[in-house]
Each structure stands twice: as C-alpha cells, then as structure tokens.
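Chain identifiers are assigned alphabetically (A, B, ...) following the order of the sequence lines, protein sequences preceding nucleic acid strands; residue numbering begins at 1 within each chain.
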There are 2 protein chains.
Amino acid sequence: MRWDEIDSQVCSIARTLSIIGDKWTMLILRDCFLGVTRFSDFQKSLGITKHRLSDRLGKLVDAEILKKHIYDESYRRHEYKLTKKGIELYPVLMSLVSWGDKWTADKDGAPLEYIHQPCGHKINAGAACEHCDGAVSAFTVTPILGPGIMKKVKRGELVDFDSQEMYTSIKQKSN
Amino acid sequence: MRWDEIDSQVCSIARTLSIIGDKWTMLILRDCFLGVTRFSDFQKSLGITKHRLSDRLGKLVDAEILKKHIYDESYRRHEYKLTKKGIELYPVLMSLVSWGDKWTADKDGAPLEYIHQPCGHKINAGAACEHCDGAVSAFTVTPILGPGIMKKVKRGELVDFDSQEMYTSIKQKSN
DNA sequence: GAATTAAGGTTCCATAATGGAACTCAAAAA
DNA sequence: TTTTTGAGTTCCATTATGGAACCTTAATTC
C-alpha cells in the first residue's frame, strides 16, 4: 500500500495521519499554537524549504485546519490561523510534548512548560491538569519558557538560535 | 534543514517526531497497542513493504520503544513488544483517535471505541475518561469494535479487509 | 528615480526515501 | 523431495525532498 492510500483504512489514526502525519506538518502546527502566522516566520523557525512549506500550508488550508487571512490588502500579505478543527489538535501536540519531555529531554529539562490558566499550575500529563483535573484546551494554557531554554540562555548558548525571538515573544505574553 | 537534523531543535515535539514522526511508525505503534507482535501480522495489517517494515521496527527497537523477544527458539522467530517507554506513547495515539473520530470519521461513526476498565465507560476525550475523570493508560483500556466497523460488517462489506482478523481477535478479547 | 529589500512564493535539478517484485535462508509440513 | 512459512534483503523504477536560483509586487533607501 502506498501512503497516499492510507486514508482508505477504517481507522481514525490512519485517517488522521493521512492529513497531519507528514514529517513537517506537526512542527508547523506546533508553531501555530505558539502564535506563528506568517510564511516567513514559519520558515525561519523551522528551517524548511520554501516550496515544501508552501505545499504543506496549502494542504493544511485544504484540510480546513488552517485558514488564510489577508492582513494587509496593499501588500497582499496573509497570515495562517488555526480553525476550530485545527485548535482541537491541541491534545495531540500536548501528548507529544509530555512524552518528549519525559523520554527525550536533555539534562536541562523541558524546553517549554505549560500553565493551566484556570488553576495556575503546570501541566504534566497528556491532556489533564495534574493539579485540578480540569479540562485542557488551547484557550486555557499559556506557554512559558522552561529550564531547557532558560539554562541555555543563561549559559550564553542559543545566540543564533533562530527561534529565540519567538520564545522571547512568548515570554512577554506570559509575563 | 534536513529532517534528520530536526532532533537538534530545542523542542520536545521535534525530538519526539524525530523518533516516531515517520509516516508508518505511528501505525505500527497502533498495531502494537492492539496486540500485534509479529512481523507478518504487521505486514498484513498495514500493507507496508517488508523492507520498510523491517527498517521501521529496527528503528523502534533502537529507540527502545519496542523490544524483540524470541518466542520460538527452533524457528528463530520473534515478537516485538512495547517497552515502558513505548507504552507511554498511548496518550499520543489516543489523542489522534479522538481527533480522527470527530473530524475524519465517515457517517458510520468511530471504527473502534475504547472502554475505561475501572469505570466501564467509553473514553471520549484525549486522555481522560469522560465519566469518572480517572487517568487513562494502556493497561486500563480495552478496545472494542465500534459502529464504523460493525455497520460495515453487517452490510457485508469488509469481506477482504485484511485487518478484519485482527479486529475479530480484539472482539473476542473484549467479550 | 534607480537600486535594493521584503514577503510570499515557483522552477529546476540532484539526492534521498519509498514501493514493488524477486530473491534468500532455515526449518517444518506435505 | 518439494512446498510452505516466517522473517528478512537486494535491486530498480518512481516519488518526495532539499538547495539554490528565480519571480512578482510594493516599499524603502541612496
């Protein structure tokens, strides 16, 4: 079976992966959840080639996971924003984060941590807040810089880390 | 940036995807959680070519997500079993299922449903049981056949559906 | 007001990943 | 003795990807 036939399987996982199971697509979505909206910002953050990014964004728009909005008529420039369908992919991303934090993190710890707004505590597990058991969604969580970034910044590493600007803007939002 | 450099990103999602972000790997893991252990069963269920399956299983073993056990010394035949590290990928799979059930299911509904053993109810959301709010893990859930399979079977479709045997064995386990 | 820059792409080509089919190998069954 | 089965490998044609260069429109800079 070729991969482009995989969505014919009677399986929600196969059908989901036929849409977002591409190598780059999940990282594009990660950036979306962190507030990235413009073509050039995705490209800087990911280091993906332009034609590949163009193709992937187009497919996400086709799948109605992202929507293209024009934000400057004279420039004809747009931003890509998550739809409701896209926002609901949040638990997928969060569960990847949880697993990655536990099993792939370097000695510095998690690069980002996630705060559950209703209760103010860090989220540890897949899609439930350890502290209050409340439901977790993209709207109730704020990302903050975690030790995995902070320690490296303090040590002067990450100087030409392309995503640093992004993380700085996150930090400001969370202050 | 090439994909094989992606694990250098300071991001748990990127590092996780560098291990399991491959097109087929998640589907192999899906089968693992459904109880598939043998090379030929993976191949039948997935329709993946043998050399690709061989490569992917090898990488999962290298990543310590699967462990190879010999189950028949004279035949030199083995089975692939999830390690603790692998079992903890369960929330990732469950969140893909939830999203897929909601956004990609056909009119028949979800192909499989998941029962939370402690309370006996279906799981709806990412990683929490709707009914009792208890924690969800691979050990406390039993898959049963959902309407998306059952209705097709009743209509006589799926006759040469390769995975049918697998689903039948699931059904028996859950009876 | 000519040249440069920026956003958001597209085109071209060489390299890498993948699918399909055929082949291997060892042991058991017919 | 031949065939079958599990678990792979090898070979080759097709497809996907990365890198670099190019394009277009509008704005800025010299």
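Between the CD atom of Glu5(A) and the C1' atom of dG19(C) there is a distance of 10 Å, given to the nearest Å. Here the C1' atom of nucleotide dG8(C) and the CG atom of Leu57(A) are 11 Å apart, to the nearest Å. In this structure, NZ of Lys68(B) is placed 12 Å from C1' of dG6(D), rounded to the nearest angstrom. A straight line from CG of Asp4(B) to P of dA16(C) spans 10 Å, rounded to a whole angstrom. Rounding to whole angstrom units, NZ of residue Lys44(B) and P of dG6(D) are separated by 6 Å. Atom-to-atom, CG of Leu46(A) to P of dG19(D) comes out at 13 Å; the value is rounded to the nearest Å. In this structure, the CD atom of Gln43(B) is 16 Å from the P atom of dT18(C), given to the nearest Å. dA16(D) atom P lies 15 Å from atom CD1 of Ile48(A), rounded to whole Å.
Tyr80(A) comes within 4.0 angstrom of the backbone, heavy atoms only, and of no base.
Inter-residue side-chain proximity for Trp103(B) and Thr16(A) is flagged as unmet; no heavy-atom pair is nearer than 4.5 Å. Proximity of Ser98(A) to Glu88(B): side-chain heavy atoms (C-beta onward) are nowhere separated by under 4.5 Å. Side-chain contact check for Trp3(A) versus Leu27(B): some heavy-atom pair is nearer than 4.5 Å.
Using a 4.0 Å cut-off, no side-chain N or O of Lys50(B) falls inside it from OP1 or OP2 of dC11(D). For dG19(C), the OP1/OP2 oxygens have a side-chain nitrogen or oxygen of Arg52(B) closer than 4.0 Å. Close to dA21(C), at under 4.0 Å from its OP1 or OP2, lies no side-chain N or O of Thr49(B). OP1 or OP2 of dG9(C) has not a single side-chain nitrogen or oxygen of Arg56(A) nearer than 4.0 Å. The shortest distance between the side-chain N/O atoms of Ser54(B) and the OP1/OP2 oxygens of dT9(D) is below 4.0 Å.
No donor-acceptor pair closer than 3.5 Å links the side chain of Ser54(A) to the backbone N or O of Lys50(A). A donor-acceptor contact shorter than 3.5 Å links the side chain of Gln43(A) to the backbone of Ile48(A).
The base of dG8(C) does not come close enough to the side chain of His78(A) for any donor and acceptor atom to sit less than 3.5 Å apart.
The two residues Phe42(A) and Cys32(A) come nearest to each other via the heavy atoms CZ-SG, 3.7 Å.
Enclosure of atom CD in Glu5(B) by more than 12 non-hydrogen atoms of other residues, nucleotides or ligands within 6.0 angstrom is indicated.
Contacts with DNA chain D (heavy atom under 4.0 Å) in residues 22-29 of chain A: Asp22(A), Trp24(A), listed by number.
Comparing Trp3(A) and Asp55(A), the nucleotide of DNA chain C nearest to each residue sits closer to the 5' end for Asp55(A). Mapping Arg2(B) and His51(B) onto DNA chain C by nearest heavy atom places Arg2(B) closer to the 5' end of the strand.
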